[in-house]
Amino acid sequence: MFKSVLIANRGEIACRIMRTAKRLGLRTIAVYSQADAQALHVKLADEAHLIGPAPAAQSYLVIDNIIAAAKAAKAECIHPGYGFLSENTAFAKACADNGIVFVGPPPSAIEAMGLKDRAKALMEKAGVPVVPGYHGNNQDPALLKRKAYEIGYPVLIKAVAGGGGKGMRRVDRHADFDDALSGAMREAQNSFGDARVLIEKYVTAPRHIEMQVFADTQGNAIHLNERDCSLQRRHQKVIEEAPAPGMSAALRAEMGAAAVAAAKAAGYVGAGTIEFIADGAGGLKSGGFWFMEMNTRLQVEHPVTEAVTGLDLVEWQFRIANGETLPLTQAEVPLHGHAVEARLYAEDPEKSFLPSTGRLIALEFPKAEGLRVDTGVESGDEVTPFYDPMIAKLIAKAETREAALDRLATALDATVVIGPRSNAGFLAALVRAPDFCIGAFDTGFIDAHLSELGAGPQALDHEAVAFGAQALVARERDRLAERGDGYDSPWDADDGFQLSGTRRLIVPLIAEGHHLNAEVAFVGGEAKVSVEGAAPALDATAIATADAVYVLRRGRQTRLAPRDLSLAEGAEEGGSGTIRAPMHGKVLAVLVEQGASVARGQRLAIIEAMKMEHTLTAPLDGTVAEIAASAGSQIAEGARVMVIVPAEGA
Ligand code: ADP
């Protein structure tokens with residue numbers, strides 16, 4: 001076995017590869033960009049080398065820098081992970097040229113499978129079924145249009161250099177073809193510097209079923225069963241599972257044989273994936289699947305295969321790169337139980353899944369039997385805009401599909417991501433979706449169910465806000481009690497403001513951009529909080545930072561903060577110019593004098609409440625007609641602080 005490995009990657013996959021490498025006794029060498037100096041993969045490695053600034057094009061994609069780091073560290077081999085340089089022929093060649101083993105296929109196999117048109121032609125020759133269509137050299141728009149007509153609509157236009165779903169367009173009508181073609185070509189040119197496309201029959205009710213293959217340098221090739229990756233958004237995988245619902249042993253053998261034939265035709269070595277599109281209408285069936293493409297690397301979703309086979313695919317990669325024979329024959333490959341993986345992303349399902357960057361104020365995963373969590377970040381880390389915003393992969397394994405889905409849903413519920421938004425709630429809803437649970441789904445499932453899955457704008461969760469307000473109040477009471485300096489706290493039920501019976505306090509809040517008030521009722525020494533009539537949620541978690549409270553409920557984050565008496569409030573008062581205390585508190589300072597002229601937005605006074613300073617500002621231009629409060633005094637919520645007489649025309 002090798003003595004050392006450089007991992008030319010970052011994040012969860014770099015950490016995952018290191019785990020196996022360490023177990024096998026390899027010295028682990030990380031590379032990192034300036035943005036990743038404190039990253040988990042750097043901390044886990046035995047040594048780490050800086051390879052450039054944050055943008056990947058200046059660091060993780062710079063072949064020379066990585067080779068230089070490998071030579072400096074005397075790395076025997078390089079594992080590329082997935083993405084970045086993993087399917088880059090020039091990188092595989094550079095490794096070989098420098099006497100470093102590339103843990104992956106030979107450059108010729110990467111090249112053979114790199115372009116979709118060439119790969120399809122090669123597969124046809126090897127007798128592997130391919131999606132009917134046109135993948136010739138002639139790119140004349142009129143010819144492509146005629147081909148689309150002959151294939152029959154709907155068709156799919158694909159960039160031959162494509163990846164990540166880019167440069168892909170489904171076309172349903174002949175009349176729409178020209179626009180779709182120019183759009184696909186433009187996108188392909190921009191993304192890959194290669195505008196060429198191919199045309200395929202669009203398989204209706206498509207299921208994405210892929211076979212994990214492995215080949216060694218002695219010419220042996222086997223498959224390690226299938227994965228179903230049909231739950232996709234924008235042609236990107238969201239949930240993956242093994243085995244595929246509805247898969248029979250006979251069909252598995254048929255697809256497996258096609259996958260092995262494909263790997264052999266490519267002269268493949270190492271771990272690879274043959275992606276098939278299957279016709280899911282009426283269930284999976286013999287002959288109802290076609291080659292789409294081969295991924296010549298380890299896949300993001302390899303853990304589901306590891307879960308159902310009990311194998312370590314990264315260990316196999318190292319062994320094969322080291323020249324060993326495949327550890328198992330086809331007949332010996334295990335298949336036990338069911339596994340499902342969910343990709344947890346820092347993105348906002350309520351805002352079209354836009355990446356959500358920022359500091360991970362809290363990140364916690366449950367620990368449970370049958371649950372595996374692969375991550376590359378921890379609490380306090382930053383999700384930056386430079387790289388893929390995946391936070392973690394959660395993989396649940398159980399005896400049955402039902403139990404595995406249940407285990408995954410429970411794990412997603414217990415996952416805490418605070419700071420950036422995450423898709424945890426969306427994923428939990430997805431793995432609980434009734435049709436998905438009974439196996440009635442295809443690649444269009446997510447798009448067809450977006451709103452039921454909670455993707456799209458949602459109303460403010462008042463119960464979550466009330467829960468957060470309750471946390472604010474509790475924190476404030478604790479703090480003041482600790483201080484114990486005789487400060488007359490408005491947060492105690494028995495303070496000087498108490499008149500008789502229940503005392504009420506209005507706490508103005510801003511929650512997700514909405515202005516609202518929490519009402520705190522002090523009853524028998526207890527503070528009862530409500531927001532617009534809603535009581536605090538019973539199933540939420542809250543984390544308070546210096547300036548806000550983050551509430552997490554059912555995978556959804558609600559951020560709230562105490563609100564200063566703002567400009568908008570002045571306007572709500574009908575421009576009367578009466579400045580009132582937004583809450584019980586202490587006047588720390590009065591910043592203007594009677595008779596002074598003030599401009600809209602100018603600071604007038606500071607009130608301290610909840611240990612935070614609230615600045616009162618002028619709602620309009622005018623003159624200070626009256627000052628009703630003095631520095632150092634307590635003030636009741638709603639009491640007059642001062643009156644501004646509006647200026648002419650204000
Ligand atoms: P990329 O390399 O850009 O990821 P793929 O060829 O792997 O593109 O296809 C991505 C996804 O697009 C597939 O998983 C599948 O959901 C869908 N797709 C691809 N080809 C077809 C087809 N012929 N019919 C229907 N859907 C398809």
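First listed ligand is number 1; within each ligand, the first listed atom is number 1. What you see below is based on every heavy atom in this structure, not just the backbone, and it leaves out hydrogens, waters and symmetry mates. Computed from a predicted structure; not experimentally measured.
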### Query
With backbone taken as N, CA, C and O and side chain as the heavy atoms from C-beta onward, which portion of K158 lies under 4.0 Å from ligand 1: side chain, backbone, both, or neither?
side chain
### Message
Distance under 4.0 Å to a non-hydrogen atom of E275: what atoms of ligand 1 satisfy this?
### Response
7 (O)
### Task
Would you please indicate if the ring centroids of Y32 and Y60 are separated by under 6.0 Å?
no
### Message
Less than 4.0 angstrom from a charged side-chain N to a carboxylate O is my criterion; do D228 and K237 meet it?
### Response
no
### Query
Does a side-chain heavy-atom distance below 4.5 Å link Q299 with T305?
no
### Query
Numbering the atoms of ligand 1 from 1, which are under 4.0 Å from a heavy atom of L156?
18 (N), 19 (C), 20 (N), 21 (C), 22 (C), 27 (C)
### Task
Identify, by atom number and element, the atoms of ligand 1 in contact range of T443, meaning under 4.0 Å from any of its heavy atoms.
16 (O)
### Nearest candidate to atom 9 (O) of ligand 1, where distance is taken over non-hydrogen atoms, out of E210, M168, K237, H235
M168
### R207 charged N/C atom sitting above F441 aromatic ring, 6.0 Å / 45°
yes
### Summary
For residues 105-151, the ring pair (Phe, Tyr, Trp, His ring centres under 6.0 Å) pairs (sequence neighbours left out) are Y149-H174
### Query
Does any N or O atom in H208 lie less than 3.5 angstrom from one in ligand 1, N or O only?
yes
### Query
For ligand 1, is there an N or O atom under 3.5 Å from any N or O atom of V131?
no
### Side-chain donor or acceptor of N88 paired with backbone N/O of F91 under 3.5 Å
yes
### Query
Just by modelled atom types, is the I199 backbone N or O under 3.5 Å from a matching donor or acceptor in the K147 side chain?
no
### Task
Without swapping roles, check the side chain of N423 against the backbone of F426 for a donor-acceptor pair under 3.5 Å.
no
### Query
Any N or O on G164 sitting closer than 3.5 Å to an N or O of ligand 1?
yes
### Subset of ligand 1 atoms that lie under 4.0 Å from at least one heavy atom of K201
22 (C), 23 (N), 24 (N)
### Query
Do the numbers put R233 on top of the ring of F353, so that NZ or CZ is under 6.0 Å from the six-membered ring centre and no more than 45° off the axis?
yes
### Message
When you compare ligand 1 with V203, is there at least one nitrogen or oxygen pair between them that comes in under 3.5 angstrom?
### Response
yes
### Summary
the protein heavy atom lying closest to atom 3 (O) of ligand 1 turns out to be G165 N, 2.6 Å
### Summary
Closest to atom 25 (C) of ligand 1 among protein heavy atoms sits Y202 CE1, 3.2 Å
### Query
Can a non-hydrogen atom of R170 be found less than 4.0 Å from any atom of ligand 1?
no
### Message
Which of the numbered atoms in ligand 1 are under 4.0 angstrom from any heavy atom belonging to Q232?
### Response
11 (C), 13 (C), 14 (O), 15 (C), 16 (O)
### Query
In the protein, which heavy atom is nearest to atom 2 (O) of ligand 1, and how far is it?
K116 NZ, 2.6 Å
### Query
Looking at F289, does the NZ or CZ of R252 lie under 6.0 angstrom from its six-membered ring centre and within 45 degrees of the ring axis?
no
## Note on the structure
Nearest non-hydrogen protein atom to atom 19 (C) of ligand 1, with distance, is M292 SD, 3.2 Å
### Task
Would you please say whether a donor-acceptor pair under 3.5 Å links the side chains of D312 and T20?
yes
### Under-4.0 Å heavy-atom contact with ligand 1, by part of I277 that carries it
side chain
